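Have a look at this one.
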Amino acid sequence: MPGRICIDLFTTLDGVAQAPGGPGEDPDGGFRFGGWQAPLLDEAAGAQVDEGIQAMDALLLGRRTYDIFAAYWPYQLDSEDAGIARKFDAIPKYVASRGAPDLGWRGSHLLGADLAAELQALRGRHQEIHVIGSIDFARTLFAEGLFDQLNLWVHPIVVGPGKRLFPDDGPPAALELISAEPATEMGTVLLRYRPTGAVPAAGDMAS
């Protein structure tokens, strides 16, 4: 069976997925709430994230997120986050970039220009390929239908303007809810979806 590509995103209640990890992660557009996820982390959400990480056998990232990960995770092999760090270190890392990033992190590879062909090849080599964060890249995958599952951790916070997976100008798409985990202690809900194709034709509630 071919492998699958899963997009893992942490979002606010109003859909913002920009810079959950820290103030300097992505200040584009003057975003003021970098690190918004930190006060909402709890043991249950952490366990859900760790379960997904331990199941993956390849990591697929946009350039900005790769640079952030490469500057942090290789230096955490003996830290309290060693389980995640060692998993990331051991599996192949694939980077989508139009530039020439420094791929010094062990097991890192640059994807070619034909994204659809590259991802099809990855599905032939791996079973669980996860995109973590990488909001700009995730938008491309969503718009072009190049993913198999969307995992959304929705947090009980509203921040207003910021980067979203679903921008105002589309594209439209239909999704099927696979599962919805019970809310964690801090109120985070994990929703898992799979794409089902085009949006159904509009109906009339009065008919």
Side-chain angles (χ1 to χ4, degrees), residues 1-11 17 20-21 25 37 41 43-97 101 103-112 115-142 144-155 165 175-181 184 188-195:
M1 293 291 291
R4 61 179 189 165
I5 294 173
C6 300
I7 299 173
D8 298 340
L9 276 182
F10 310 110
T11 80
E25 182 178 330
Q37 185 187 23
L41 285 176
E43 185 175 344
Q48 292 168 351
V49 173
D50 187 63
E51 181 181 4
I53 289 173
Q54 298 308 323
M56 68 178 67
D57 61 352
L59 190 57
L60 178 59
L61 301 171
R63 167 72 179 272
R64 187 195 296 267
T65 301
Y66 174 81
D67 287 344
I68 292 170
F69 277 28
Y72 180 78
W73 286 112
Y75 308 101
Q76 306 302 315
L77 298 177
D78 296 314
S79 74
E80 62 181 12
D81 292 324
I84 296 175
R86 291 173 183 174
K87 180 67 175 185
F88 284 163
D89 194 62
I91 62 177
K93 278 76 67 177
Y94 299 95
V95 186
S97 175
L103 300 181
W105 192 4
R106 184 168 76 101
S108 298
H109 311 274
L110 183 66
L111 295 180
L115 184 59
E118 291 281 346
L119 298 187
Q120 187 62 28
L122 291 187
R123 286 189 175 98
R125 293 198 294 271
H126 304 287
Q127 289 301 303
E128 282 286 313
I129 308 148
H130 282 241
V131 180
I132 298 179
S134 306
I135 181 63
D136 295 326
F137 181 48
R139 279 183 177 179
T140 297
L141 296 178
F142 190 86
E144 299 184 14
L146 297 174
F147 74 102
D148 303 288
Q149 185 167 313
L150 172 63
N151 303 318
L152 288 181
W153 278 266
V154 182
H155 300 71
L165 179 61
L175 299 169
E176 178 184 2
L177 181 66
I178 302 170
S179 66
E181 299 292 335
T184 69
T188 299
V189 179
L190 170 56
L191 304 172
R192 298 185 179 96
Y193 295 92
R194 58 172 160 249

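Since the model is a prediction, treat every value here as computed from it, not as a measurement.
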Checking the side chain of Lys93 only, and the main-chain atoms of Arg106 only, is there a donor and an acceptor separated by less than 3.5 Å? yes
Apply salt bridge (charged side-chain N to carboxylate O under 4.0 Å, His left out) to Arg64 and Glu25, showing your working. CA-CA 9 Å; Arg64 187 195 296 267; Glu25 182 178 330; over 6 Å; no
For this output row, return yes or no: ring centroids of His126 and Tyr94 closer than 6.0 angstrom. yes
Could you check whether any side-chain heavy atom of Thr11 comes within less than 4.5 Å of a side-chain heavy atom of His155, counting everything from C-beta outward? no
Evaluate the side-chain proximity of Phe88 to Met56: yes if any heavy-atom separation is below 4.5 Å, no if none is. yes
Taking all non-hydrogen atoms of both residues, which atom of Asp57 and which atom of Pro92 are closest, and how far apart? O-CD, 3.4 Å
Heavy-atom distance under 4.5 Å between the side chains of Phe10 and Thr188, does that happen here? no
How far apart are the C-alpha atoms of Val95 and Leu103, what are their side-chain angles, what is the distance that settles it, and do they pass the side-chain contact (heavy atoms from CB on, under 4.5 Å) test? CA-CA 9 Å; Val95 186; Leu103 300 181; 3.8 Å; yes
To the nearest 0.5 Å, what is the distance between CG (Leu146) and OG1 (Thr140)? 9.0 Å
Checking Arg4 against Gln127: is there a side-chain donor and acceptor pair closer than 3.5 Å? no
Locate the shortest heavy-atom distance separating Tyr75 from Ala71; write the atom from each residue and the value. CD1-O, 3.4 Å
To the nearest 0.5 angstrom, please state how far the CH2 atom of Trp105 sits from the CZ atom of Phe69. 7.0 Å
Set out, in order, the CA-CA distance, both residues' side-chain angles and the distance that settles side-chain contact (heavy atoms from CB on, under 4.5 Å) for Tyr66 and Leu59, then state yes or no. CA-CA 10 Å; Tyr66 174 81; Leu59 190 57; over 6 Å; no
Is any side-chain heavy atom of Leu110 closer than 4.5 Å to a side-chain heavy atom of Ser97? yes
Quick one: are Val49 and Trp153 in side-chain contact, heavy atoms under 4.5 Å? yes
Set out, in order, the CA-CA distance, both residues' side-chain angles and the distance that settles salt bridge (charged side-chain N to carboxylate O under 4.0 Å, His left out) for Asp78 and Arg86, then state yes or no. CA-CA 9 Å; Asp78 296 314; Arg86 291 173 183 174; 3.2 Å; yes
Considering all heavy atoms of both residues, which atom of Leu111 and which atom of Ala96 are nearest to each other, and what is their separation? CD1-CB, 4.2 Å
For residues 115-125, dump all side-chain donor-acceptor pairs below 3.5 Å to protein atoms at least two apart in sequence or in another chain.
from: Glu118; atom 1: OE2; to: Gly112; atom 2: N; distance (Å): 3.0
from: Arg123; atom 1: NE; to: Asp148; atom 2: OD2; distance (Å): 3.1
from: Arg123; atom 1: NH2; to: Asp148; atom 2: OD2; distance (Å): 3.1

With a 4.5 Å heavy-atom cut-off, do Leu61 and Val131 have their side chains touching? no
With a 4.5 Å limit on heavy-atom distance, are the side chains of Asp81 and Tyr72 in contact? yes
Distance (rounded to the nearest 0.5 Å) between Arg139 CZ and Ser134 OG: 13.0 Å
Minimum heavy-atom distance between Ala17 and Leu9, given as atom pair plus value: CB-CD2, 4.3 Å
Going by atom types only, do Asn151 and Gln149 share a side-chain donor-acceptor pair under 3.5 Å? yes
Rounded to the nearest 0.5 Å, the CG atom of Asp8 sits from the CG atom of Leu152 at a distance of 9.5 Å
Distance-only, no hydrogens or angles: does the Ser79 side chain make a donor-acceptor pair with backbone N or O of Leu77 under 3.5 Å? no
Run through Phe137, Phe142, Tyr193 and flag the one making a ring pair (Phe, Tyr, Trp, His ring centres under 6.0 Å) with Phe147. Phe142
If you round to the nearest 0.5 Å, how far is OG1 of Thr65 from CD1 of Ile132? 9.5 Å
Got Leu141 and Ile7 here, is their nearest side-chain heavy-atom distance under 4.5 Å? yes
